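These notes concern the structure reproduced below.
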Amino acid sequence: MLPIDAAAHSSRWRRRHPVDKAVLGLGLTVLAISLPPWPGAALVLLTALAVLLGPAGVPGRRLWRAYRVPLGFCVTGALTLLVQVGGPGGFASLADDGPVRAGELLLRTSAASLGVLLFAFTTPMSDLLPRLVRAGIPAAVVDVALVTYRMSFLLLDSMRRIREAQAARLGHTGRGAQWRSLAGLGATAFVRAFDRAGRLQAGLAGRGYDGTLRVLVPEARVSVRFTAASCALLVALAVLTLVLERPLT
């Protein structure tokens, strides 16, 4: 199980309905994209951090390990706005408004990423996917997503075991050995994935699979108070942004 999935299963908000957490987490993401970068996205970023580390109870180290990957993409995308290609400055030169635009993009994307992580750190996929059928998503699409989700963990576990076996046999001692081990890892994982898929199909057929996977979903109700408080927080952030809006200069 990935760390973010383990955190979602042990979250304080695990028993809350996914709609409650979607209103808050995805609402913050929408605000980060739609509000002015300053101070809107900055307020959203601080609010998401406060909720994640406070009421949601996400450990700071675990949050940073998950956040640093999307943050790296955010920084990389922002850096490209510092340079312009062509124009009077030559083939490549510093953009006149590059720092401002890069700062705005970095604020938007980093805040939006935290909103998505708030939902991911509090909502296991096993609680979310089965409920999508009630939301109008075709059952076949949900079944494929469930199987893919399950197979992903089995494949990652197989790859971990293969790498441990290769390391025990000195398969990572040199560059050549590492490339051979990598090729063997890919080939073995490919064969095992097809083998597991075949056994899964045979197991489902033996259990009378009729085109729909039926799974137990934990009982949960949409909390009117939680949803109302989330909406109030989102509205307060929007109003505060309009009051404090200033140019990022």
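Keep in mind that what you see is a predicted model, and the values were worked out from it rather than measured.
Residue T109 comes nearest to L106 through the heavy atom pair OG1-O, 3.4 Å, listed as atom of the first residue, atom of the second, then distance. Between A111 and A41 the shortest heavy-atom distance is CB-O, 3.4 Å. Taking every heavy atom of both residues into account, S110 and C74 meet most closely at N-SG, 3.8 Å. In terms of heavy atoms, A189 sits closest to M159 at CB-CG, 4.1 Å. Minimum heavy-atom separation, P37 to L107: O-CD1, 3.6 Å. Shortest non-hydrogen contact noted between S230 and L24 is OG-CB, 3.7 Å.
Here the two rings, on F121 and W13, have centers that are 6.0 Å apart or farther.
L43 and V30 fall into different hydrophobic clusters, defined by Ile, Leu, Val, Met, Phe, Trp and Tyr side-chain heavy atoms under 4.5 Å apart, directly or through other members. Residues V19 and L26 fall into different hydrophobic clusters, defined by Ile, Leu, Val, Met, Phe, Trp and Tyr side chains chained together at heavy-atom separations under 4.5 Å. Both L234 and V239 sit in one connected hydrophobic cluster of ILVMFWY residues. Membership requires side-chain heavy atoms under 4.5 Å apart, directly or through other members. The cluster map of Ile, Leu, Val, Met, Phe, Trp and Tyr, joined by side-chain heavy atoms under 4.5 Å apart, puts L237 and V116 in different clusters. Placement of F73 and L105 in two distinct hydrophobic clusters is found when ILVMFWY residues are connected by side-chain heavy-atom separations under 4.5 Å, directly or transitively.
With contacts defined as side-chain heavy-atom distances shorter than 4.5 Å, the pair L28/L114 does not qualify. At least one side-chain heavy atom of R16 sits under 4.5 Å from a side-chain heavy atom of F226. Under the 4.5 Å side-chain criterion, counting only non-hydrogen atoms from C-beta, R192 is not in contact with L155. Two residues are said to be in side-chain contact when any heavy atoms from C-beta on lie closer than 4.5 Å; L82 and P99 meet this criterion. Residues L128 and F119 have side chains in contact (heavy-atom distance under 4.5 Å, counting atoms from C-beta outward).
Here CD of Q166 is found 10.5 Å from CD of Q178. Values are rounded to the nearest 0.5 Å. For the atom pair L118 CG and T29 OG1, the distance stands at 8.0 Å (nearest 0.5 Å). The OG1 atom of T47 sits 11.0 Å away from atom CG of L52, with the distance rounded to the nearest 0.5 Å. A distance of 9.5 Å separates OG1 of T123 from CZ of R14, quoted to the nearest 0.5 Å.
Other residues, nucleotides and ligands place more than 12 heavy atoms under 6.0 Å from the CZ atom of R199. A 6.0 Å sphere centred on CZ of R163 holds no more than 12 heavy atoms belonging to other residues, nucleotides or ligands.
In this structure, T188 contributes its side chain and L185 its backbone to no donor-acceptor pair below 3.5 Å. With R65 contributing its side chain and R61 its backbone, the two residues share no donor-acceptor pair below 3.5 Å. With R161 contributing its side chain and L156 its backbone, the two residues share no donor-acceptor pair below 3.5 Å. A donor-acceptor pair is defined here as one N or O able to donate and one able to accept, closer than 3.5 Å; no such pair exists between the side chain of R101 and the backbone of L81. Distance alone, capped at 3.5 Å, places no donor-acceptor pair between the S11 side chain and the A7 backbone.
Between E164 and R160 there is a salt bridge, since a side-chain N of the basic residue sits under 4.0 Å from a carboxylate O of the acidic one.
Defined by atom type and a distance below 3.5 Å, a donor-acceptor pair is missing between the side-chain atoms of D20 and S223.
Residue pairs meeting the ring-ring contact (aromatic ring centres under 6.0 Å, His included) criterion with at least one member in residues 156-198, sequence neighbours excluded: F190-F194.
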Audit row: S113, L71, side-chain contact (heavy atoms from CB on, under 4.5 Å) steps and yes/no:
CA-CA 8 Å; S113 299; L71 183 61; over 6 Å; no
